[in-house]
Amino acid sequence: MVYSRIMADEQEITSDESAAAEPEIEADESPEQEAEKEPDESAAAEGDGDEAGCPVRMGDSDDLMCGRKLHVAPDGTDEEPVCLMHSKDPDKQSGPLFDTFWSEFERILEAAEENEAHFEGFVFPQIDLRGRKFQAICRFDHATFTQDTDFCEVTFSRDAIFSEADFTQGASFYSATFTQDADFRLAIFEQVTDFSDATFTKDADFRLAIFKQGTSFNDATFTKKADFSEAIFKQNTYFCEATFTQDATFWEATFTQDANFSLAAFTQEAYLSRATFTQDADFDRATFMQAARFVETEFHGTANWMRSRFLDQAEFRSTKFEPLVEGEASAVFAFARFSKPSEIVFDDVDLSRALFRNCDVSQVWFTSSVQWGKREGNRGFAVFEEKIPLEQEILEPKIVAHELMFLEGLQRNGQRDYRAVAQIYQQLKKNYDSRLDYWTANEFHYGEMEMKRLAGPTDGPLLGLRRWLHRRLSLIALYRWASDYGNSYGKPMVWLLGILILFAALLSLPGVGLKRQGVKQAETYASVWDVQKSYGENLWTEARLAGKGAITSVDTATFQKSAEYAPAYPWGRVLAIFETLLTSSLFALFLLAIRRQFRR
């Protein structure tokens with residue numbers, strides 16, 4: 001009882017002192033001071049048990065609510081009453097509310113230690129966390145970043161979760177380090193986004209993310225799996241010199257503008273199947289150490305693998321190379337290196353505008369469904385190096401440095417480098433020959449020979465005249481006129497028939513003449529014409545003499561030793577020798593063409 005009485009007395013004394021002190025406090029405090037304290041009292045702190053708190057769900061559990069005190073925001077700011085952390089109140093951008101917001105942010109981090117720090121759904125004002133190190137699992141799910149976001153050189157020691165976050169202004173993660181998983185699924189980046197030099201030590205998940213402005217992952221390092229499946233890049237995107245140590249997945253990703261993967265390194269498999277590149281896709285000097293899959297990928301600009309290295313297999317199955325600009329290259333494999341060429345597969349692909357200069361394609365697997373360009377007059381297939389309009393392309397204002405270098409490299413001594421183009425045809429011919437597809441090999445054989453004909457001299461006097469003569473009267477030119485470089489068996493037969501008819505007519509001319517065995521007098525058109533006979537009878541006589549000439553022409557072409565008729569005069573014997581050479585050559589070309597068409 002003594003203890004109870006003492007406690008009661010102490011409580012009465014305390015109550016009296018408090019009552020006496022209250023007027024002094026109220027008198028000392030001004031209205032402005034009360035206003036300054038208002039944010040601390042209303043916004044960020046946890047709500048009382050009996051007071052309704054912020055209803056925003058936090059974490060993965062439906063039962064975990066924010067519970068902070070509701071913030072009084074201007075009318076129409078929030079769809080429902082929420083706390084300061086979740087409010088869209090524009091006054092958060094500066095002043096007391098700004099300070100209160102960041103005080104609560106720091107309190108959450110400190111309280112979380114190495115556990116989860118819940119920032120789900122927060123509406124962030126201007127944010128500058130440059131160089132910070134976060135020990136907690138940072139959950140920014142559904143968060144909205146209303147101003148420029150600066151995570152430069154930040155280190156996330158645990159998981160960093162930004163799924164469905166909305167970055168309404170610029171977002172910079174330059175040189176940021178994600179030690180554990182980085183989750184940006186369904187995140188929206190509405191302005192310029194920078195992940196240059198960022199390091200992702202664990203999985204990086206950007207599935208279904210949307211990048212509305214320019215995006216850079218230059219020099220980024222993905223140590224584990226990098227997944228950009230179904231991501232959308234609406235402006236220029238850069239992965240220059242990025243390193244993908246594990247699988248890199250861009251399945252069904254969409255690149256609306258240029259995509260640049262130059263000097264990127266894919267250590268494990270690269271999945272770009274069913275991705276869509278609306279403009280140019282640049283893989284210049286990229287390295288694919290494992291399988292590279294471009295199955296059903298669509299390229300509507302130029303896809304450039306110039307100087308790239310494929311150290312393992314690569315699949316281009318049902319890949320669409322459909323540049324929107326007429327006359328523009330669809331795919332560039334110039335100077336590319338295939339370490340396992342037989343593992344490089346092109347299936348159901350249109351390569352009519354693909355460039356393979358200085359790229360060994362002699363063992364690359366081209367299936368029967370591959371489409372090549374057609375030569376005019378249906379004279380075989382044509383690679384695009386032969387047809388690309390060099391002058392127009394070089395003057396194209398959009399052309400970039402490596403394309404200019406490639407196109408300039410196709411020219412030598414003021415003309416197209418036909419020898420380099422011939423090398424491509426030669427490799428393709430060898431490719432199809434090795435697979436016993438002789439019909440297709442013949443198509444490329446024509447191109448190879450045609451390039452050799454067009455190449456001609458490159459220096460020396462009278463260069464123009466010598467080129468003209470080489471392209472029209474050289475042996476290789478005659479080879480073309482006679483049999484389409486051994487591809488046509490019909491052409492030499494037509495020429496052979498024409499030669500026989502021509503010499504049949506020539507052998508009965510005066511000064512040449514035909515002489516029957518055992519008869520000394522030669523017969524010519526003039527000698528058999530008898531003015532005493534009618535015109536019709538003379539014509540019939542001339543026709544019979546022409547028939548004898550035809551028989552003699554055939555005998556000469558077939559090397560008959562005991563022919564009934566033979567040339568009577570020296571000029572006739574010269575014609576016979578000349579006919580023998582021509583008919584023998586044409587018959588040999590006929591047999592060669594037959595063999596090329598039907599060999600097994």
**Prompt:** Step by step, would you call Tyr418 with Arg453 a side-chain hydrogen bond (donor to acceptor under 3.5 Å, both in side chains)?
**Reply:** CA-CA 9 Å; Tyr418 291 107; Arg453 180 184 72 85; over 6 Å; no
**Prompt:** For Ser196 and Ser216, what are the C-alpha separation, side-chain angles and deciding distance, and is it a side-chain hydrogen bond (donor to acceptor under 3.5 Å, both in side chains)?
**Reply:** CA-CA 6 Å; Ser196 299; Ser216 175; 2.7 Å; yes
**Item:** Phe233 vs Phe277, ring-ring contact (aromatic ring centres under 6.0 Å, His included): CA-CA, chis, key distance, verdict
**Value:** CA-CA 10 Å; Phe233 300 88; Phe277 296 85; 9.4 Å; no
**Request:** Would you check, one step at a time, whether the test side chain to side chain contact (heavy atoms under 4.5 Å, CB included) holds for Ser229 with Arg207?
**Result:** CA-CA 5 Å; Ser229 296; Arg207 286 176 293 168; 3.9 Å; yes
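Residues Phe261 and Phe288 place their aromatic rings such that the two centres sit no closer than 6.0 Å. In summary, the aromatic rings of Trp305 and Phe333 are positioned with their centroids under 6.0 Å apart. In this structure, the ring of Trp372 has its center less than 6.0 angstrom from the ring center of Phe444.
Although no hydrogens or angles enter the test, the distance criterion places a donor-acceptor pair under 3.5 Å between the side chain of Ser308 and the main chain of Phe283. Side-chain N or O atoms of Thr199 include none that pairs as donor or acceptor with a backbone N or O of Thr177 at under 3.5 Å. When atom types are taken as modelled, the side chain of Asp203 and the backbone of Lys224 share no donor-acceptor pair closer than 3.5 angstrom. Panel note: side chain Thr215, backbone Phe211; no donor-acceptor pair is recorded below 3.5 Å. Under a 3.5 Å cut-off, the side chain of Asp219 and the backbone N or O of Ala242 do not form any donor-acceptor pair. The backbone N or O of Val361 sits less than 3.5 Å from a side-chain atom of Gln427, completing a donor-acceptor pair.
Using a 30° and 60° split on the angle between ring planes, Phe316 and Phe294 fall in the parallel class, below 30°. Using a 30° and 60° split on the angle between ring planes, Phe156 and Phe140 fall in the perpendicular class, above 60°. Ring orientation note: the planes of His445 and Tyr479 are nearly perpendicular, at an angle over 60° on the 30°/60° scale.
Between Glu385 and Arg357, none of the side-chain N atoms (NZ, or NE/NH1/NH2) sits under 4.0 Å from a carboxylate O, so this pair counts as no salt bridge.
Around the CG atom of Leu475, the shell of radius 6.0 Å holds no more than 12 heavy atoms that belong to other residues, nucleotides or ligands.
Among Phe189, Phe228, Phe244, Phe250, the one residue that satisfies the ring-ring contact (aromatic ring centres under 6.0 Å, His included) test with Phe217 is Phe228. The side-chain hydrogen bond (donor to acceptor under 3.5 Å, both in side chains) test with Tyr485 singles out one residue from Glu448, Glu450, Lys452, and that residue is Glu450.
Both tests pass for Arg435 against the ring of Trp365: distance under 6.0 Å to the centre and angle within 45° of the axis.
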